[in-house]
2 protein chains.
Amino acid sequence: MTRKRATLTEVAKRAGVSIATVSNVFSGRKPVNDELKKRVEKAAKELSFQIDRAASQLKSGKARVVGVLVPDLDDTFFTSLISRIEVMALKDSYDVIVASSRDDKQLEESRLQTLLGWRPSGIIAVPCSDIVPAVLAREVAHIPTVLVDRVITQSAVADTVTIDNFEAGEIAGRYLVEMGHKDIVLAASSLDIAPIRERVRGAVSIIHKMSGREPTAIELGSNAERGAEIFAHWLERHPLPSAVFALTNVTTLAALTALARQRVDIPEQVSIIGFDDYTWMSARKTALTAIRQPVDEIARLAWERLQIRIGGDVSEPHPSILNTSLKVRESTRRLADPSRGEGLKPAEEQPGETIDNAAKERPNRIH
Amino acid sequence: MTRKRATLTEVAKRAGVSIATVSNVFSGRKPVNDELKKRVEKAAKELSFQIDRAASQLKSGKARVVGVLVPDLDDTFFTSLISRIEVMALKDSYDVIVASSRDDKQLEESRLQTLLGWRPSGIIAVPCSDIVPAVLAREVAHIPTVLVDRVITQSAVADTVTIDNFEAGEIAGRYLVEMGHKDIVLAASSLDIAPIRERVRGAVSIIHKMSGREPTAIELGSNAERGAEIFAHWLERHPLPSAVFALTNVTTLAALTALARQRVDIPEQVSIIGFDDYTWMSARKTALTAIRQPVDEIARLAWERLQIRIGGDVSEPHPSILNTSLKVRESTRRLADPSRGEGLKPAEEQPGETIDNAAKERPNRIH
DNA sequence: TTGAAAGCGCTAACAG
DNA sequence: CTGTTAGCGCTTTCAA
């Protein structure tokens, strides 16, 4: 098998033109006589010819590829990001090379290094920790780079696209306190991750301010199954909290799984706010109240920034910070206040109502 | 920005050796004196040199890339496939280029054509219909190709990896009838897709044989949200079936969403069997009974086949057919028989029990 | 072992 | 508009 593929030269010969002409009809960089173009196209089709990207790229120095690195290809958040990036890439005729760091700092470096070998036009990376990968830090001056999601905006060496994690924590925390909850658990993935710490900070600070209580943060990791076990174990040795705020879509799954296994009723016994907004969250009797990340917008901005950099922009690193919102559905219930406990009806808010960011006054915002 | 990257020549100059030597230390194809190797590595690090894959590939003709085409990057089934392929690719030091056809036959052809431009070592494709893409049909003799999932095994021109769709339908159908269900709805995505037709055929035939009834198949498409609307609409104008068998993970989501919106109790009012097995399916009070596809195995076999072909094997197309199993959980309830209706307890089977394929006697199996 | 040299298939001047 | 030609950065003989 694998007979040698046709080359420009063969097509040129068959069409009776020069290789430059063939190149031109394929690249469209120079006009070509209609008659010749037809001949070339015919010859190309007959040989099922297709420009060799390696050769093309080698010569032109232009790649039309972007590398995309994420921490986990089994996490819907990242794959939905990739999905959207792929759409925009196609529109601008780029190809996408994906790589997963599997949340491993070392693998991350090596995957990135490999990606660089393609001489891509740019790289979109979701680092697995908040330390910017050394490879990128070194290369950032030479290759357009956009860092997404797991980034400390302030210290970033490249363009970043993140959500306002502190605010996300605040929104959920405020809502829970307003609903009368005091005994709140924060289901974090890992406090080693800066955005997660921010979400925790946001929730803790507002809950403390409003109710004087301190929520408990527990770490469930990045795997739903293991997270469920950890949470189940935690539940066994602690009194049931009145509400759980899950800080990622994976911990949402973990918390829900553990709660389901222990036959805890939602929201009757425990209210829960999830993170991200996927179809499965509303495909349930008790649809999930959740913090929505604007994935579309995140992807769009990341791509836009990358294109700007590819276009030659060399200004200072640009941080984009997006706002989240709370999608109120049925998994949170209002507690009778102050003697909590008896109100059995769910939230008064209309299912489907969205509470938008209202924390505009918070200082230290970067824009 | 974008200062020119270091080249072999520069590294060679800096290390005081020839470019061939540098190439050898990087490729490891020929032994190099330890002392020289050290010098080269030092120089390379100083210049943060990295082999240019385009050049390397152009010269050697070897690519170490595989193209992966799927119909939808927002469908967990396909992304989990990609995730597993990426792992194996890394192990064998291949990179992965992903492309989505978005269920569009035309886009599929063009994405495939583009993929071919990379001169990949091989292609793993999930076609969006059961017609093998023309590009692939033409190239299959020249480039290792494995077709996964949406394939008509019998007519395949390349290696295929699929599940036994007919059997999957039978397993679910048999279980439902045994549980006393007669009024069964099949939530299909699209009957244009061969595997879906097979699942329907399997379910219909066994249900008919066992109960004399004909289940109703309805098409919900490949988008959960739209599917939910279609199903909700259907529910409004038909009496509630006693059971729904969803034929894909997306229609599972669609059916569940519609049922939830109409406040239908599962399994009290309607039993449901889902397809695929993802975490969200058990992260619910009423965990979902579902047909499990062995995604790991599918990915493993696809990769294995591809490697065999890359290795030069030119034997006849090899079809791999994997068995599914039913993961019994709580969304299916036993109906009092023959006067159905009153038994309120869920399935007698232990939650978590797995019913393995038992249709070994079915003829016309390809192996 | 190491080095010199010949291209891989294509693009981009440049000349016609 | 079309053709000629000089490499892009690397791998791979072939000699030394």
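Convention: sequence-line order gives letters A, B, ...; per-chain numbering from 1.
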Straight-line distance of A:R84 CZ to A:E297 CD, nearest 0.5 Å: 12.0 Å
B:I19 side chain, from C-beta outward: closest of C:dT11, C:dC10, D:dC10: D:dC10
Ionic contact status for A:E108 with A:K105, cut-off 4.0 Å: yes
Distance in angstrom units between A:Q57 CD and C:dA12 P, rounded: 12 Å
Length of the line joining B:D52:CG and C:dG9:P, which is rounded to integer Å: 17 Å
D:dG7 base / A:K59 side chain donor-acceptor hit below 3.5 Å: yes
Sugar-phosphate only, base, or nothing, as touched by B:L36 at under 4.0 Å among non-hydrogen atoms: sugar-phosphate
Closest nucleotide among D:dT5, C:dA4, D:dT12 to the B:S23 side chain: D:dT12
Minimum-distance nucleotide (side-chain atoms of B:N24 versus D:dT12, D:dC10, D:dG9): D:dT12
Nucleotide of D:dC10, D:dG3, C:dT11 approaching A:K30 most closely (side-chain heavy atoms): D:dG3
Interatomic distance where CZ belongs to B:R29 and P belongs to C:dT2 [whole Å]: 17 Å
Nearest listed nucleotide, side chain of B:A20, among C:dA4, C:dT2, D:dG3: C:dA4
Spacing of B:K37 atom NZ relative to C:dT1 atom P, expressed in whole Å: 11 Å
Touch class at under 4.0 angstrom, heavy-atom based, for B:F49 against every strand present: sugar-phosphate
Proximity to the side chain of B:P31 - top-ranked nucleotide from C:dG3, C:dT11, C:dT1: C:dT1
Nearest-Å distance for atom pair NZ/P, residues A:K62 and C:dC10: 17 Å
Nearest-angstrom distance from the residue atom CD of B:E10 to C1' of D:dC8: 13 Å
Nucleotide nearest A:A55 when distance is taken to its side chain, options D:dC1, D:dT11, C:dG9: C:dG9
Separation of C:dT1 C1' from B:R39 CZ (nearest whole Å): 14 Å
Selection from C:dT2, D:dT12, D:dC10 that lies nearest to any side-chain heavy atom of B:V32: C:dT2
Smallest separation among heavy atoms of A:R39 and A:V17, with atom names: NH2-CG1, 3.9 Å
Euclidean distance, A:I298 CD1 relative to A:I124 CD1, rounded to 0.5 Å: 12.0 Å
B:D159 side chain near B:L147 side chain, heavy-atom distance below 4.5 Å: no
Residue mapping more 5' on DNA chain C - nearest nucleotide basis, A:I51 or B:N33: B:N33
Closest to the B:T21 side chain, choosing from C:dT2, C:dC8, C:dT11: C:dT2
Euclidean distance, B:I82 CD1 relative to B:S100 OG, rounded to 0.5 Å: 8.5 Å
For atom CZ of B:R5 and atom C1' of D:dG9, their distance in whole Å: 13 Å
C:dG3 OP1/OP2 closer than 4.0 Å to side-chain N/O of B:S18: yes
